[in-house]
Structures are given as structure tokens and as C-alpha cells.
Amino acid sequence: TLSSSSAASDVYKRQNQDGRSAVLTAPNGPAQEAVIRRALQEAKMNALDVSCIVAHGTGTALGDPIEAGAVKAVYGAGRHEERPLVVTSVKPNIGHLEAAAGIANIMTVVLCLRHGEAPGILNLETLNPYIGTDGFAAVFPTGHTSLGWSDEGRLCIGTSSFGFGGTNAHAIFERTAVENMEDMLSVKDIFDREAFPWRTPEHPMIQRQTNKEGSGGSVAADCCELRG
């Protein structure tokens, strides 16, 4: 849970394995659907409560349609055009960070929660023709897009990340409404220097310096002395 004095964000996550697929690099659509449904069950949330998906979105001809199909099957069912699902990806903006791709998605989600909007998909001109948009109330934004809050005053965003070895992960972040959106996260909430108190190092050379009370010496001088 990420929290501050005036807001809170809860995270619900699940992961599974692709199992058998056509080839090593081919995703498994049903497995992706399953992990999304499990994350929703963990959150005790309706799919329609989620207003945005930060997709894995590698930009591949095969992977994107399979991922979009899984998202459509779970998040698209019963969704109306008045409240479409915003589907975006950060990879066109910063590239594929390989093992760090998942954390890049999480950072994107946190920023979306903080600002109440999703980033556009950089350089998107024509959607992959194999992505089925018929009957799918979704927006693939090309610029910053405001996100819709639920009737209960919540903003929910999902994100997926898929590993080369077949691991599928999906997380749902939920934020409650606050009057001042800038109060959601603060530097003090994230990094508190008091959590890292100074401790006297045990290295003999530095310990020698710390024991010289009022000597006016320095660690640098000791280094020169030891080097002779």
C-alpha cells in the first residue's frame, strides 16, 4: 500500500505460467485472461471498475493482438462507449527495458494515479489491424488522456508484464479520491532518510580515523600514510 496523509493506493497482483504455446516467443492468450481474472478476484473488483490498462505492449505483430484480445475478453465485456477503457503502453516512449519492463509499467501506473491521466502511445498512427476493436469500447490514446473515476470515487488501473520464460503477471492499482492530487505521494513518504541511520563502519582504516577525537586528522591522510 502506498499512502500519504490524504490518499491511499492499494495493489492487487497475481501471476501464472504460459504453459504450452506454439513457440517460445508466442504468448498464451487464455493464460493472460486467467491471470487478469485472478487479479480481479484478489481485488474483489468488477472489471468495469478499471478505467485504464498500461499494457505490456511490445509492438510486435503477434504479441499485441494476443494481449489486446485477453484485455478485451476480460475488461471489455459489458463496457459502454460512454466510459471506454484507456489502453496505453510506455514502451514506445522509452523502449523495451527487458527485465526492468515491469517496473517501468508500475512507475507509469503510479504517475497515472497521481495525475489522473494516461500518457499517449508515442508515434501511434495506425493500430495493428489484427487487434480486434469491434465491440470493444476502448481508446488507444495518442496524447495525454483524462481517466474516469468510478461512481464510488475510485481510480483503478491495471498493468501486465510478461516474461520471456512464460511468466504472466497482472497487477491492479486502486486509488481513492482526494481533494489535492499532489498530496498523493510525497518525497518523505517514499524516501525517509531517518530510515538509514549512520553507523560507524568497521573497516580498520576508517575506524582508526573515528577514534581520533579532536586530532584534526583525515581519512585521506591515513590513506596516504598506509600507502607509504
Side-chain angles (χ1 to χ4, degrees), residues 9 11-14 27-40 43 45-97 101-150 154-162 168-175:
S9 177
V11 185
Y12 309 93
K13 55 191 181 297
R14 277 290 181 264
N28 185 321
Q32 292 183 16
E33 287 184 39
V35 77
I36 294 172
R37 295 186 193 280
R38 289 183 62 189
L40 285 168
M45 191 180 295
N46 189 298
L48 299 180
D49 293 332
V50 177
S51 60
C52 175
I53 294 294
V54 176
H56 185 63
T58 55
T60 59
L62 176 65
D64 283 4
I66 291 177
E67 180 180 7
V71 169
K72 176 182 177 180
V74 180
Y75 287 111
R79 191 174 292 269
H80 300 293
E81 295 289 344
E82 306 85 63
R83 297 181 69 172
L85 180 70
V86 177
V87 182
T88 189
S89 173
V90 73
K91 284 185 178 65
N93 301 61
I94 63 174
H96 197 321
L97 301 187
I103 197 66
N105 275 15
I106 291 174
M107 292 169 68
T108 302
V109 170
V110 171
L111 289 171
C112 290
L113 289 172
R114 181 170 188 174
H115 297 289
E117 61 181 28
I121 302 173
L122 190 66
N123 298 324
L124 175 62
E125 296 179 356
T126 304
L127 197 65
N128 186 322
Y130 295 105
I131 292 179
T133 56
D134 292 341
F136 187 18
V139 173
F140 297 84
T142 56
H144 288 199
T145 302
S146 296
L147 300 177
W149 294 73
S150 70
R154 299 181 300 167
L155 178 57
C156 304
I157 301 176
T159 186
S160 293
S161 188
F162 310 126
N168 303 313
H170 190 77
I172 301 170
F173 293 71
E174 175 186 8
R175 178 192 163 187

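Throughout, numbering of the chain's residues begins at 1 and tracks the sequence.
Looking only at side-chain heavy atoms (C-beta outward), M45 and C156 come within less than 4.5 Å of each other. Using a 4.5 Å heavy-atom threshold, the side chains of V109 and I106 count as separate. Side-chain contact between I121 and P92: present, with at least one pair of heavy atoms (C-beta onward) separated by less than 4.5 Å.
A distance of 9.5 Å separates CG in L97 from CE in M107, rounded to the nearest 0.5 Å. Taken to the nearest 0.5 Å, the CD1 atom of I53 stands 6.5 Å off from the OG atom of S160. Note that CD1 of I66 is 13.0 Å distant from OH of Y130, once rounded to the nearest 0.5 Å.
Within the structure, salt bridge (Lys or Arg N to Asp or Glu O under 4.0 Å) pairs that include any residue of residues 80-95 comprise R83-D151 (at least two apart or interchain). Annotation: salt bridge (Lys or Arg N to Asp or Glu O under 4.0 Å) contacts involving residues 48-62, sequence neighbours excluded, comprise D49-R154. Residues in residues 65-77 take part in these side chain to side chain donor-acceptor pair (under 3.5 Å) pairs, two or more places apart or across chains: Y75-H170.
Between E33 and V74, the closest heavy-atom pair is O-CG2, 3.9 Å. The two residues V86 and A118 make their nearest non-hydrogen contact at CG1-CB, 4.0 Å. Pairing each heavy atom of C112 with each of L155, the nearest pair is O-CD2, 4.2 Å. Here the closest non-hydrogen pair linking C52 and L85 is N-CD1, 3.7 Å. When all heavy atoms of N93 and G120 are compared, the pair lying nearest together is OD1-O, 3.6 Å. The shortest heavy-atom contact between G57 and S89 is O-OG, 3.3 Å.
Between the side chain of S51 and the main chain of L147, no donor-acceptor pair closer than 3.5 Å is present. Remark: side-chain polar atoms of R79 are paired, donor with acceptor, to backbone N or O of A47 under 3.5 angstrom. Between the N168 side chain and the F162 main chain, no donor and acceptor come within less than 3.5 Å of each other.
Partners of A34 according to the side chain to side chain contact (heavy atoms under 4.5 Å, CB included) rule, which considers only residues two or more places apart in sequence or in another chain, are N16. Listed by chain and residue number, nothing satisfies the side chain to side chain donor-acceptor pair (under 3.5 Å) test with S161 (two or more places apart in sequence, or in another chain). Residues satisfying the side chain to side chain donor-acceptor pair (under 3.5 Å) test with T159, not counting sequence neighbours, are N105. With sequence neighbours excluded, the residues that form a side chain to side chain contact (heavy atoms under 4.5 Å, CB included) with L111 are H115. Judged as a salt bridge (charged side-chain N to carboxylate O under 4.0 Å, His left out), and not counting sequence neighbours, R38 has no contacts. Under the rule for a ring pair (Phe, Tyr, Trp, His ring centres under 6.0 Å), the partners of H96 that lie at least two apart in sequence or sit in another chain are H56.
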Can I get a per-line list of side-chain donor-acceptor pairs under 3.5 Å for residues 131-145, giving both atom names and the distance, sequence neighbours left out?
residue: H144; atom: ND1; partner: E117; partner atom: OE2; Å: 2.9
residue: T145; atom: OG1; partner: G143; partner atom: O; Å: 2.9

